[in-house]
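Let me begin by presenting the structure, written as structure tokens, before commenting on it.
Just so we're on the same page: letters track the sequence lines, and every chain starts at 1.
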Number of protein chains: 2
Amino acid sequence: MALTRDRIVDAAHAALREYGLSGLSMRRIAQDLGVAPGAIYYHIASKQELLVALAERILGDAESICTSDAAQAASDVRDALLRARNSAEIVSFAQAYRPGTLAPLRELQTQLAALLPEPEAKWAAQTLIQYVLGFVAEEQNRDELLRAGVVSDRPEPIGSAEAFHFGVAAILAGVGAMADQPEIAPER
Amino acid sequence: MALTRDRIVDAAHAALREYGLSGLSMRRIAQDLGVAPGAIYYHIASKQELLVALAERILGDAESICTSDAAQAASDVRDALLRARNSAEIVSFAQAYRPGTLAPLRELQTQLAALLPEPEAKWAAQTLIQYVLGFVAEEQNRDELLRAGVVSDRPEPIGSAEAFHFGVAAILAGVGAMADQPEIAPER
DNA sequence: ACCTGAACACCGTTCAAGT
DNA sequence: ACCTGAACACCGTTCAAGT
């Protein structure tokens, strides 16, 4: 079976589910594929490039993102993220590394552009996206620590769907309020 | 000079400013302190524990956090974070590893508790904190990529103070609106 | 064109042994 | 009590050489 970029991303996706980001090494992916570590570098320039491709695959599960309701769309993105370990961290990195390349996040921005003028629409989208990624990143960080047994779940089982939905609703309400009454915006 | 936990955290803080998180290794800290790598482990159990201590030191700059205005307090936290590289990622990890131990973040929660009942106050604080950390993390990720020369600043110079303040204002406005009209909260 | 073998310059962590 | 020396089991990446 020929080694292709696609098969490498598949193997990375599988390795992520199984070992998490801390166990996702180029060497392990190579071993799972039955090739030498160097072979990967013929198809992919670096681990960073691989992570970007992995982010796209992870959010690929959210292609069917809701296009009519921003709150539902945010929820769809979270659901896609929760299908893999440490996905929020990976997507967050990908967004910094290649901003604007992740389709579902662009979709969120498009929806908000219908409600607000620029540049407020972009800021609003950024607010929502960073909240979603930050929330899920913390959920997943705690998952990893629990899995490692390094922490118990006693203090504040923080990552609830309820808390997530509250934040999304608050951000959308606030963004709407600032569209109606821009005077509550901070002075520039 | 005796090796102490405090001197190790100092050295880590200095190394973070100089090399960033990717260059912050136990071995380099040991080298900067003129000791063998193993010496550190007599004083600190693991790199994860060191990162928690480092997060506290980073946010220590925000002890003088504004206690009367949540928007100003969020800005104070961002300012403290921007004094070191990759600080948002470190603080984010620390918060997952030892939730509730970072004083300035507890302060934010206390302020919001005056405006909302529980559990909404906790959710609101979480929303704001995760937004702040997510926003600054992306600013700093882009800084690192720029520094490494792996990306140019062309596409969307996203991390502006204006965008940050917009997000904070929107969240606070939204949280306030949900306190006054709880019916816009999502169904449970 | 595609991959291997082997190396380079690193990691975090442990632990006997020294002082 | 505190630290060294040395090892263990890893990393990402490069690159001549093979096919």
Side-chain angles (χ1 to χ4, degrees), chain A residues 1-16 18-55 85-86 89-90 93-94 96-97 141 144-145 147-151, chain B residues 1-16 18-55 85-86 89-90 93-94 96-97 141 144-145 147-151:
Chain A
M1 231 184 321
L3 193 58
T4 62
R5 184 188 153 92
D6 229 63
R7 283 191 64 223
I8 293 167
V9 177
D10 278 346
H13 197 185
L16 180 64
E18 192 156 2
Y19 317 115
L21 184 56
S22 68
L24 185 72
S25 69
M26 299 299 266
R27 296 179 101 101
R28 191 183 281 275
I29 293 166
Q31 196 178 321
D32 291 353
L33 287 166
V35 299
I40 292 178
Y41 288 86
Y42 188 82
H43 300 275
I44 292 182
S46 66
K47 189 176 184 180
Q48 301 191 333
E49 293 286 352
L50 177 60
L51 290 176
V52 171
L54 193 49
R85 290 165 65 176
N86 299 302
E89 206 168 324
I90 293 168
F93 166 79
Y97 193 71
N141 274 340
E144 293 302 313
L145 291 168
R147 214 184 281 253
V150 71
V151 84
Chain B
M1 228 184 320
L3 193 60
T4 62
R5 185 189 152 92
D6 228 63
R7 283 191 65 222
I8 293 168
V9 177
D10 278 345
H13 197 186
L16 180 65
E18 193 156 0
Y19 317 115
L21 184 56
S22 68
L24 185 72
S25 68
M26 299 300 266
R27 296 178 101 101
R28 190 183 281 276
I29 293 165
Q31 197 179 320
D32 291 353
L33 287 167
V35 298
I40 292 179
Y41 289 87
Y42 187 82
H43 301 275
I44 292 181
S46 66
K47 188 176 186 181
Q48 301 191 333
E49 294 284 354
L50 177 59
L51 290 177
V52 171
L54 193 49
R85 292 164 64 176
N86 299 303
E89 205 168 326
I90 293 168
F93 166 78
Y97 193 71
N141 275 340
E144 293 302 314
L145 292 168
R147 211 182 284 253
V150 71
V151 84

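Under the Watson-Crick and G-U wobble criteria, each requiring two contacts below 3.5 Å, nucleotide dA7(D) is paired to dT13(C). Searching all strands for a Watson-Crick or G-U wobble partner of dT19(C) with both distances below 3.5 Å returns dA1(D).
By the neighbour-count criterion of 12 heavy atoms within 6.0 Å, atom CZ of Arg7(A) is densely surrounded, having more than that number from other residues, nucleotides or ligands.
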Inset, instruction - With side chain to side chain contact (heavy atoms under 4.5 Å, CB included) as the test, would you mind laying out the steps for Asn86(B) and Leu24(B) before giving the verdict? - result: CA-CA 11 Å; Asn86(B) 299 303; Leu24(B) 185 72; over 6 Å; no
Inset, instruction - Please assess Ile40(B) against Leu50(B) for the test side chain to side chain contact (heavy atoms under 4.5 Å, CB included), listing each intermediate value before the final yes or no. - result: CA-CA 10 Å; Ile40(B) 292 179; Leu50(B) 177 59; 5.7 Å; no
Legend entry - Pair Leu21(A)-Glu144(A), side chain to side chain contact (heavy atoms under 4.5 Å, CB included): steps then yes or no: CA-CA 9 Å; Leu21(A) 184 56; Glu144(A) 293 302 313; over 6 Å; no
Inset, instruction - Take Val35(B) and Tyr42(B) through the side chain to side chain contact (heavy atoms under 4.5 Å, CB included) test and state the conclusion after the steps. - result: CA-CA 12 Å; Val35(B) 298; Tyr42(B) 187 82; over 6 Å; no
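Along DNA chain D, the nucleotide closest to Ala45(A) and the one closest to Ser25(A) are compared, and the more 5′ of them pairs with Ser25(A). Between Gly38(A) and Arg28(A), the one whose closest nucleotide on DNA chain D sits nearer the 5' end is Arg28(A).
Nucleotides dC15(D) and dC3(C) place their C1' atoms 12 Å apart, quoted to the nearest Å. Only the P atoms considered, dA9(C) is 22 Å distant from dC10(D), to the nearest whole Å.
Annotation: the span from Thr4(A) atom OG1 to Asp10(A) atom CG amounts to 7.5 Å, rounded to 0.5 Å.
For DNA chain C, the outermost nucleotides in 5' to 3' order that have an atom under 4.0 Å from a heavy atom of chain A are dA1(C) to dA7(C).
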